Amino acid sequence: MGGCFSVSVSCDQVVNQVCQCLCLKGSYIHNLPQNLASLEKAMVMLKAKRDDVQGRVNSEEFTGHRRRLAQVQVWLTSILTMENQLNDLLRTSDVEVQRLCLCRLCSKNVKKSYFYGKRVMVMLREVESLSSQGDFVVLTEATPIAEVEELPIQPTIVGQETMLEMVWNRLTQERVGIVGLYGMGGVGKTTLLTQINNKFSETGGGFDVVIWVVVSRNATVHKIQGRIGEKLGLAGKEWDEKSDMERSHDIHNVLKRKKFVLLLDDIWEKVNLSTIGVPYPSRINGCKVAFTTRSRDVCGRMGVDDPIEVRCLDTDEAWNLFKEKVGENTLGRHPDIPELARKVAVKCRGLPLALNVIGETMASKRSVQEWRQAEYVLTSSATEFLGVEDEILRILKYSYDSLDGDMTKSCFLYCSLFPEDRRIEKEGLIEYWIGEGFIDEKEGRERALNQGYGILGTLVRACLLSEAYWNESVVIMHDVVREMAMWIASDLGKNKERCIVQAGAGIREVPKVKDWRATRRMSLRGGEIKHISESPDCSELTTLLLGGNRKLKTISGEFFRSMPRLLVLDLSSNLELSELPEQISGLVSLRYLDLSFTKIDRLPVGFQKLKKLTHLSLEFTPELESLDGISNLSSLRTLKLLGSKVWLDRSLLKELQLLEHVELVTATIPSSLVGEQLLYDSRVWRCIQKVSIKDRPEESAREIILPALDNLRDISSTQNCGMVEIKIEKTPWNKILTSPCFSYLSDVTIIECDGIKDLTWLMFASNLINLSVHQLKQLEDIISKEKAASILGKEATCSDTLIPFEKLEKLDLVELPELKSIYWNALPFQRLRHLAIRGCQKLKKLPLDSKSVLEVEKLVIVVEDSNGNYIYPIEWEDEATGNRFIPTQAHGCCVM
């Protein structure tokens with residue numbers, strides 16, 4: 001009937017549960033002091049464990065390659081929260097304890113005491129729980145790949161702003177995958193690459209990862225892979241034990257899925273990207289590789305044919321960097337210090353490494369005397385300046401150490417014998433090397449020269465020498481590199497008398513030397529020495545360079561008496577030197593002797609005893625008239641007589657016939673005997689490479705018959721010669737004139753030959769580079785169409801068979817009042833760089849069309865009247881030609 005519900009519960013159960021509840025709640029109050037003490041003790045233990053864990057985490061995270069696990073971070077954060085809660089709880093603990101009564105069995109406010117006691121117990125359990133969770137075995141993990149790691153760098157970089165922009169623009173071009181930076185040691189390549197790395201840090205550039213690797217000398221594939229592996233998170237004991245091939249696969253598997261930048265600093269040889277495991281950069285994958293090196297050869301082997309050269313700072317940039325290193329306070333200490341500081345800065349020749357080291361050293365020098373001393377030391381013996389040897393020269397020496405072979409190293413050190421910051425003529429330098437025996441001439445002069453040019457190329461590409469941009473025939477050695485070379489030549493400064501160099505120092509006497517027997521080479525070029533009377537015992541001396549002492553008049557015989565091993569003796573450009581002592585004939589080992597630009601009028605008695613002499617230069621010795629007995633110099637290979645009064649006539653030719661090794665002769669030939677002399681002997685003919693054709697006194701030739709000489713390099717004819725025509729004659733070795741016959745002729749100069757009306761014979765000089773024609777009053781054509789047709793045949797014109805001036809680079813036409821034509825048709829002039837026309841008022845049209853001159857932006861054309869006024873009467877082939885050669889800023893051509 002109706003819903004009925006009944007519950008049956010044991011009375012004992014109810015009583016038991018109520019008692020437990022009352023006891024538990026009672027313990028919150030009764031045991032409050034003990035629970036508070038337990039909580040504080042547990043918290044102390046937890047904080048100690050936290051500090052231990054935090055210390056381990058900080059240690060593992062220190063390098064930045066690892067980061068804490070998320071659970072560790074949560075645990076540490078929870079403790080901080082718990083610590084704050086405990087502090088809040090303990091602020092009222094004293095009040096709550098005092099609230100207890102009846103021996104802590106009750107409280108004056110049971111409700112408050114109950115809830116406070118409950119909070120204490122709950123927190124105690126939480127603290128104990130956190131403590132049990134803090135027994136971590138692993139605290140950190142490897143950090144994921146960072147896009148870019150910013151590298152430390154000086155806060156201010158001076159003088160590289162333009163270069164940085166250039167490199168950045170090149171690297172970020174879509175078509176460019178690899179960029180190479182090369183330059184001499186200490187020029188700032190690493191600084192530049194560091195700036196590129198940090199620029200990626202600022203801009204991102206859309207790359208997944210930028211990897212920086214310092215390669216340096218003697219780097220291995222394993223080492224490079226290790227650095228890349230660290231960046232990619234591959235490093236570890238297991239990975240370290242893998243083979244290079246396995247590591248290569250691992251690197252490739254990671255990088256093939258990423259758009260990366262690889263920056264390789266200081267490489268000394270080719271780094272094979274595929275061997276390392278780096279995917280080759282391409283337009284498709286968008287990856288980039290940039291590297292720095294001291295060698296342009298390395299750039300080529302890395303597949304970069306247009307590397308960027310990092311050059312020394314210009315004068316203003318160098319001064320700004322030096323000022324920054326020295327500091328304004330030091331520069332302002334004395335009015336004379338800034339001027340002295342500029343002189344010191346100049347000694348560094350714009351090399352940032354030297355500017356930094358020397359600038360930092362001078363920053364503490366506050367007296368003007370210290371600055372004067374610094375300038376003196378850097379001028380006289382830079383290696384004694386603090387920091388130069390250890391911080392500059394030893395760094396540069398790595399470039400020397402990397403040279404392949406002792407011969408190349410010896411040739412490099414020899415360059416230090418020249419005055420600082422001077423141009424060194426390439427062929428002359430190679431002739432020194434041959435004289436010293438670095439290069440063997442036994443297989444012929446041509447092969448020896450080629451070998452020498454190869455060595456020069458190696459030194460240039462190693463940034464130990466530089467080529468003058470305005471003259472490819474000379475090289476320059478940077479002053480700091482020269483200091484390094486002299487330091488090495490003196491056994492790293494231990495034997496400074498081994499190589500004595502005071503070239504260009506303006507010395508007035510031969511330097512005092514403690515032990516002449518230790519001296520191997522000595523250069524006193526460009527001094528102010530007037531007399532040499534010393535008698536040193538130079539038993540080991542092999543090179544003596546005394547050229548350029550313009551006031552030198554006499555050298556005592558005793559000076560040469562004890563030089564049994566002397567190989568190279570240069571007395572050139574001693575303008576007052578008129579005679580040599582007989583004792584020079586005792587230099588039995590001598591191979592090279594240069595007496596050019598002196599006043600000597602005869603060779604000393606006994607000169608024929610120099611049986612080992614291979615090179616003799618007597619050029620521009622206006623007092624020398626005879627070379628009787630020259631045929632006794634049985635080893636002679638090179639004889640230079642141009643500009644002397646020794647004519648290449650029958651008597652000299654007879655002597656030359658007896659010199660079986662002779663390979664090069666330069667000489668002045670009488671215009672009346674040109675054809676006869678040059679055809680005198682086939683072997684002698686092949687030796688003649690440079691001639692000057694002149695009229696002898698009371699002797700003149702109206703017509704010169706010029707044989708087709710293949711070996712001729714240079715022809716000049718000057719000083720009012722009486723010739724009216726130059727004709728080409730077939731030779732037994734060149735019987736066909738419809739083909740080029742002056743294969744090596746590169747330079748032609750003709751001045752003041754008033755009777756000549758054309759120079760049609762030049763169409764046979766297919767390799768002509770420089771042509772200068774001055775003051776020929778009757779010259780009408782450079783190449784005459786009628787004359788060309790008569791030479792080649794009535795049916796043929798020059799354009800059918802020969803194209804003249806294809807390799808011409810420089811053309812000077814000066815004071816030719818009757819000149820009407822250079823050539824009747826437009827010519828390619830593929831290599832023309834300089835065309836100067838002055839005082840040729842009848843020349844109205846140039847042989848150019850819209851296709852002439854391959855690199856027109858490099859061409860300079862100057863057209864002036866006889867007074868040097870610019871004139872513009874040029875008639876162009878057509879409008880397209882005019883547009884190509886009329887000056888515009890776009891291509892830099894200058895037509896005046």
Side-chain angles (χ1 to χ4, degrees), residues 65 145-146 148-153 167 170-171 176-200 207 209-232 234-235 239-240 242-245 247-248 250-252 254-255 260-281 287-305 307-310 352-353 394-404 458 461-464:
H65 295 150
I145 300 172
V148 190
E149 290 182 6
E150 186 173 348
L151 298 174
I153 196 171
V167 177
R170 174 81 66 85
L171 189 60
V176 174
I178 304 182
V179 172
L181 308 178
Y182 77 99
M184 64 183 291
V187 80
K189 303 181 295 298
T190 297
T191 299
L192 193 58
L193 197 65
T194 302
Q195 292 181 85
I196 292 294
N197 177 88
N198 293 350
K199 197 171 178 71
F200 278 115
F207 292 94
V209 62
V210 177
I211 305 169
W212 174 278
V213 180
V214 178
V215 181
S216 298
R217 298 181 69 219
N218 305 318
T220 63
V221 169
H222 197 80
K223 176 184 174 183
I224 298 172
Q225 287 177 331
R227 182 63 187 92
I228 295 174
E230 287 178 14
K231 181 66 177 178
L232 299 180
L234 297 172
W239 195 73
D240 290 342
K242 288 185 177 182
S243 68
D244 290 350
M245 181 65 73
R247 287 153 65 103
S248 175
D250 290 345
I251 291 172
H252 188 270
V254 175
L255 289 182
F260 66 85
V261 177
L262 176 61
L263 304 177
L264 301 170
D265 185 39
D266 195 26
I267 70 174
W268 291 79
E269 57 187 7
K270 178 182 177 180
V271 174
N272 193 316
L273 298 180
S274 59
T275 301
I276 293 169
V278 176
Y280 200 83
C287 298
K288 305 288 183 180
V289 172
F291 63 86
T292 67
T293 179
R294 297 191 189 184
S295 169
R296 181 158 184 163
D297 279 338
V298 171
C299 295
R301 291 195 288 270
M302 288 292 291
V304 180
D305 61 355
I308 298 173
E309 182 179 5
V310 183
L353 174 63
R394 291 190 187 279
I395 291 174
L396 297 182
K397 185 176 178 287
Y398 290 134
S399 296
Y400 169 82
D401 293 337
S402 70
L403 294 175
D404 187 17
T458 297
R461 291 189 296 274
C463 298
L464 291 170

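The residues of the chain are indexed from 1 along the displayed sequence. Small disclaimer: the values here were computed from a predicted structure and weren't measured.
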Legend entry - CA sep, side-chain torsions, deciding dist, call: Thr194, Trp212, side chain to side chain contact (heavy atoms under 4.5 Å, CB included): CA-CA 9 Å; Thr194 302; Trp212 174 278; 3.4 Å; yes
Got a second to check how far [X]'s [atom1] is from [Y]'s [atom2], nearest 0.5 Å?
{"X": "Leu192", "Y": "Ile153", "atom1": "CG", "atom2": "CD1", "value": "9.0 Å"}
{"X": "Arg461", "Y": "Thr293", "atom1": "CZ", "atom2": "OG1", "value": "12.5 Å"}
{"X": "Ile196", "Y": "Asp265", "atom1": "CD1", "atom2": "CG", "value": "12.5 Å"}
{"X": "Thr190", "Y": "Leu181", "atom1": "OG1", "atom2": "CG", "value": "9.5 Å"}
{"X": "Asp250", "Y": "Ile228", "atom1": "CG", "atom2": "CD1", "value": "12.5 Å"}
{"X": "Trp239", "Y": "Glu230", "atom1": "CH2", "atom2": "CD", "value": "8.5 Å"}

Under a 4.5 Å cut-off applied to non-hydrogen side-chain atoms, are [X] and [Y] in contact?
{"X": "Ile178", "Y": "Tyr280", "value": "yes"}
{"X": "Val261", "Y": "Phe200", "value": "yes"}
{"X": "Pro281", "Y": "Leu273", "value": "yes"}

For the residue pair [X] and [Y], what are the closest heavy atoms and their distance?
{"X": "Ser399", "Y": "Leu464", "result": "CB-CD2, 3.7 Å"}
{"X": "Val209", "Y": "Lys231", "result": "CG2-CE, 3.7 Å"}
{"X": "Leu396", "Y": "Gly185", "result": "CD2-O, 3.1 Å"}
{"X": "Met302", "Y": "Ile267", "result": "CG-CD1, 4.0 Å"}
{"X": "Ser248", "Y": "Ser274", "result": "OG-O, 3.5 Å"}
{"X": "Lys189", "Y": "Tyr182", "result": "CD-C, 3.8 Å"}

Any donor-acceptor pair under 3.5 Å from [X] side chain to [Y] backbone:
{"X": "Asn198", "Y": "Leu151", "value": "yes"}
{"X": "Gln225", "Y": "Ile276", "value": "yes"}
{"X": "Lys270", "Y": "Gly303", "value": "no"}

Legend entry - Whether over 12 other heavy atoms sit under 6.0 Å from Asp404 CG: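 Check fails, neighbour count at 12 or below.
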Inset, instruction - Would you indicate whether Lys242, at its atom NZ, is surrounded by more than 12 heavy atoms from other residues, nucleotides or ligands within a distance under 6.0 Å? - result: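 It does: Lys242 NZ has more than 12 such atoms within range.
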Inset, instruction - For the pair Leu232 and Ile211, evaluate side chain to side chain contact (heavy atoms under 4.5 Å, CB included) and give the outcome as yes or no after the intermediate values. - result: CA-CA 9 Å; Leu232 299 180; Ile211 305 169; 4.1 Å; yes
Legend entry - Worked check of side chain to side chain contact (heavy atoms under 4.5 Å, CB included) between Val167 and Arg170: CA-CA 5 Å; Val167 177; Arg170 174 81 66 85; 5.7 Å; no
Inset, instruction - State, without any angle test, whether Thr292 and Asp266 hold a side-chain donor-acceptor pair at a distance under 3.5 Å. - result: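 No donor-acceptor contact under 3.5 Å links the two side chains.
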Inset, instruction - Go through the steps for Leu255 and His252 under the test side chain to side chain contact (heavy atoms under 4.5 Å, CB included), then give the verdict. - result: CA-CA 5 Å; Leu255 289 182; His252 188 270; over 6 Å; no
Legend entry - Set of side chain to side chain donor-acceptor pair (under 3.5 Å) partners for Asp305, sequence neighbours left out: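 None.
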Please tabulate, one pair per line, all N/O donor-acceptor pairs under 3.5 Å involving side-chain atoms of residues 213-223, not counting sequence neighbours.
| from | atom 1 | to | atom 2 | distance (Å) |
| --- | --- | --- | --- | --- |
| Thr220 | OG1 | Lys223 | N | 3.1 |
| His222 | ND1 | Asp244 | OD1 | 2.9 |
| Lys223 | NZ | Val215 | O | 3.4 |

